[in-house]
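Reviewing the structure listed below.
One-based numbering, in listed order, for ligands and for the atoms of each. Here, residue 1 is the first one in the sequence, and each next residue gets the next number.
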Amino acid sequence: MKLYRAKDYYDMSRKAANIISAQVIMKPNCVLGLATGSTPVGIYKQLVEWYNKGDLDFSQVKTANLDEYKGLARDNDQSYYHFMHENLFRHVNIKEINTNIPDGTEPDAQKEAARYEEAIQNLGGIDLQLLGLGHNGHIGFNEPSDIFPKDTHIVDLQESTIEANKRFFKSIDEVPRQAYTMGIGTIMRAKKILLVVSGGDKADILQKAIKGPVTPRVPASILQLHPDVIIVADEAALSKF
Ligand code: F6R
């Protein structure tokens with residue numbers, strides 16, 4: 001694991017965006033695994049800025065997102081489809097056909113999970129997977145459990161995750177109870193992983209994930225076993241190191 005210390009959120013975003021840019025420049029037709037949530041917003045903003053300056057070309061880039069709420073249509077402003085379009089896709093020259101996000105409206109969960117896993121395989125796998133870190137150690141929507149789930153699957157969201165995500169909805173009743181997520185196996189098959197972490201509220205869990213035992217109770221701890229992980233975290237998130 002390589003750990004890069006950033007001063008603050010802005011610095012973290014720039015350092016991480018630099019790593020993604022390097023990937024796109026070195027392999028213009030690379031496959032990027034992408035994340036939503038608040039942590040990557042600054043990274044996407046920086047990538048858009050560099051694209052507008054003419055420094056980046058997304059015309060051959062393919063993407064696969066980590067997860068999507070079950071039951072939310074694409075035009076729902078809380079869907080991850082909407083998030084990705086608002087924060088990145090509609091600002092750069094990526095082709096819609098080259099972007100992949102689980103379909104939250106497919107009622108047959110097994111079918112959608114299998115379709116998505118196959119779609120990632122058909123892309124030839126993920127070159128660089130961007131990850132945020134949940135307060136409970138989740139990556140994607142792989143919540144703490146007794147096992148590391150292998151492939152893309154449907155999950156029941158934990159109360160703590162529903163609680164954390166309610167800020168984005170009108171009321172807690174509107175927060176979806178289920179989501180599609182890449183499995184831990186899907187994530188671990190990525191050639192390179194970029195974990196970004198910001199804020200003092202993540203300091204404890206980051207310490208457990210990197211220094212603690214590898215356990216499905218802290219899903220991100222599995223990253224200790226991946227051969228090529230880069231962590232970019234700000235000083236607040238690294239305060240327990
Ligand atoms: C998002 C995702 C989640 C988030 C995590 C951290 O696609 O898969 O695992 O990365 O919940 O979220 P933020 O960045 O909002 O703290």
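Side chain to side chain, D151 and T186 fail the donor-acceptor criterion of an N or O pair below 3.5 Å.
Among protein heavy atoms, the minimum distance from atom 14 (O) of ligand 1 is reached at T39 OG1, 2.4 Å. For atom 2 (C) of ligand 1, the closest non-hydrogen atom on the protein side is D67 OD2, 3.3 Å. Of the protein's non-hydrogen atoms, H138 NE2, 3.4 Å is the one closest to atom 5 (C) of ligand 1.
Taking every heavy atom of both residues into account, D55 and I25 meet most closely at O-CD1, 4.3 Å.
In the candidate list G37, G140, G132, G134, G140 is nearest to atom 3 (C) of ligand 1, counting heavy atoms.
Ligand-side atoms of ligand 1 in range of L66: 8 (O), range being under 4.0 angstrom from any heavy atom.
A distance-only check finds a donor-acceptor pair linking the side chain of H226 to the backbone of A190 [under 3.5 Å]. With hydrogens and angles ignored, the 3.5 Å screen pairs a side-chain donor or acceptor of E68 with a backbone N or O of Y80.
Side-chain contact between N65 and N100 is absent, with no heavy atoms from C-beta onward closer than 4.5 Å.
In K202, the part holding a heavy atom less than 4.0 Å from any atom of ligand 1 is the side chain. Within the 4.0 Å heavy-atom criterion, the part of L133 lying near ligand 1 is the backbone and not the side chain. At a heavy-atom cutoff of 4.0 Å, ligand 1 is contacted by both the backbone and the side chain of T36.
Considering backbone and side-chain N/O atoms, S38 comes within less than 3.5 Å of an N/O atom of ligand 1.
Between Y69 and F169, the ring planes lie perpendicular to each other; the angle is over 60°, past the 30° to 60° tilted range.
Residues D204 and K208 are not paired through a salt bridge, judged by the lack of any N-O separation under 4.0 Å between the basic side chain and the carboxylate.
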